[in-house]
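Please read the structure below before turning to the comments.
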Amino acid sequence: MNDSGGKIKTSPDGLLLQSSTVAGLVEAEFAGGVKKMIPGSYVEFAERRVLPQYAGLPAGSIGREQRREGFEAGNADKIFESTFLSQTERG
């Protein structure tokens with residue numbers, strides 16, 4: 001798991017939790033036949049918690065509109081670090 005900024009990145013309001021795997025390295029061929037290992041894809045996870053005004057609702061009646069929306073720009077940069085060598089070379 002990407003540990004930049006902590007394995008779980010939490011929004012200031014505590015209602016959005018984000019995490020991601022670390023990108024696996026894949027071989028890519030560039031101009032002139034040069035081959036290099038580069039970061040591939042990663043998976044991002046987000047938990048959107050129930051908004052405080054809906055906290056008393058039964059779990060079965062909570063839908064998307066009762067959960068935290070958006071994303072946190074301050075966390076996004078840490079998630080993108082899933083492709084940084086500081087993360088991919090740890091394994």
Side-chain angles (χ1 to χ4, degrees):
M1 297 299 289
N2 172 339
D3 62 4
S4 178
K7 287 191 178 180
I8 298 176
K9 292 84 169 142
T10 305
S11 63
D13 64 8
L15 298 176
L16 176 65
L17 285 70
Q18 296 170 268
S19 188
S20 65
T21 62
V22 173
L25 295 176
V26 295
E27 186 176 66
E29 186 171 340
F30 295 90
V34 175
K35 293 182 181 182
K36 288 194 164 231
M37 298 299 287
I38 63 169
S41 61
Y42 62 92
V43 178
E44 181 178 352
F45 303 95
E47 178 183 344
R48 298 178 181 282
R49 293 188 169 167
V50 177
L51 295 168
Q53 62 267 37
Y54 302 113
L57 291 176
S61 66
I62 295 174
R64 186 178 187 136
E65 54 279 347
Q66 285 84 31
R67 294 186 178 275
R68 165 72 151 72
E69 291 184 340
F71 71 98
E72 289 293 322
N75 290 343
D77 64 338
K78 301 297 183 212
I79 297 295
F80 292 135
E81 288 187 31
S82 294
T83 62
F84 286 16
L85 292 177
S86 60
Q87 292 291 320
T88 61
E89 290 182 338
R90 288 179 313 143

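Reckoned from all heavy atoms, side chains included, excluding hydrogens, waters and symmetry mates. A quick note: this is a predicted structure, and the numbers were derived from the prediction, not measured.
The two residues Glu72 and Pro12 come nearest to each other via the heavy atoms OE1-CD, 3.5 Å. Residue Thr10 comes nearest to Gly14 through the heavy atom pair CG2-CA, 3.7 Å, listed as atom of the first residue, atom of the second, then distance. Between Gly70 and Leu16 the shortest heavy-atom distance is O-CD2, 3.9 Å. Between Ala28 and Ile38, the closest heavy-atom pair is CB-CD1, 3.6 Å.
Under a 3.5 Å cut-off, the side chain of Gln66 and the backbone N or O of Leu51 do not form any donor-acceptor pair. Judged by distance alone, with hydrogens and angles left aside, the side-chain atoms of Thr88 form no donor-acceptor pair with the main-chain N or O of Ala23 at under 3.5 Å.
By the salt bridge (charged side-chain N to carboxylate O under 4.0 Å, His left out) test, Glu44 is found to be paired with no residue, residues two or more places apart in sequence or in another chain being considered. Under the side chain to side chain donor-acceptor pair (under 3.5 Å) criterion, Arg67 pairs with no residue, sequence neighbours left out.
Inspection of the Asn2 and Ser4 side chains reveals no N or O donor paired with an N or O acceptor under 3.5 Å.
Linking Ile, Leu, Val, Met, Phe, Trp and Tyr residues whenever their side-chain heavy atoms come within less than 4.5 Å places Val26 and Phe30 in a single cluster. Under a hydrophobic-cluster definition in which Ile, Leu, Val, Met, Phe, Trp and Tyr are linked whenever side-chain heavy atoms come within less than 4.5 Å, directly or via other members, Tyr42 and Phe45 are assigned to different clusters. Grouping the Ile, Leu, Val, Met, Phe, Trp and Tyr side chains by contacts below 4.5 angstrom, directly or via other members, places Leu57 with Val50. Note on Leu15 and Tyr54: same hydrophobic cluster, where clusters join Ile, Leu, Val, Met, Phe, Trp and Tyr whose side-chain heavy atoms are under 4.5 Å apart, directly or indirectly. Hydrophobic clustering, with ILVMFWY side chains joined whenever heavy atoms are under 4.5 angstrom apart, keeps Ile79 apart from Met1.
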Practice problem: Evaluate the side-chain contact (heavy atoms from CB on, under 4.5 Å) criterion for residues Glu81 and Val22: first the C-alpha distance (whole Å), next the side-chain angles of each, then the deciding distance (0.1 Å), finally the verdict. | Solution: CA-CA 8 Å; Glu81 288 187 31; Val22 173; over 6 Å; no
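To the nearest 0.5 Å, the span separating NZ on Lys9 from CD on Gln18 amounts to 8.5 Å. Put simply, CD1 on Ile8 and OG on Ser20 are 11.5 Å apart, with the number rounded to the nearest 0.5 Å.
Counting heavy atoms of neighbouring residues, nucleotides and ligands inside a 6.0 Å radius, atom CD of Glu69 does not exceed 12 of them.
Counting only heavy atoms from C-beta outward, the side chains of Pro39 and Leu25 approach each other to under 4.5 Å.
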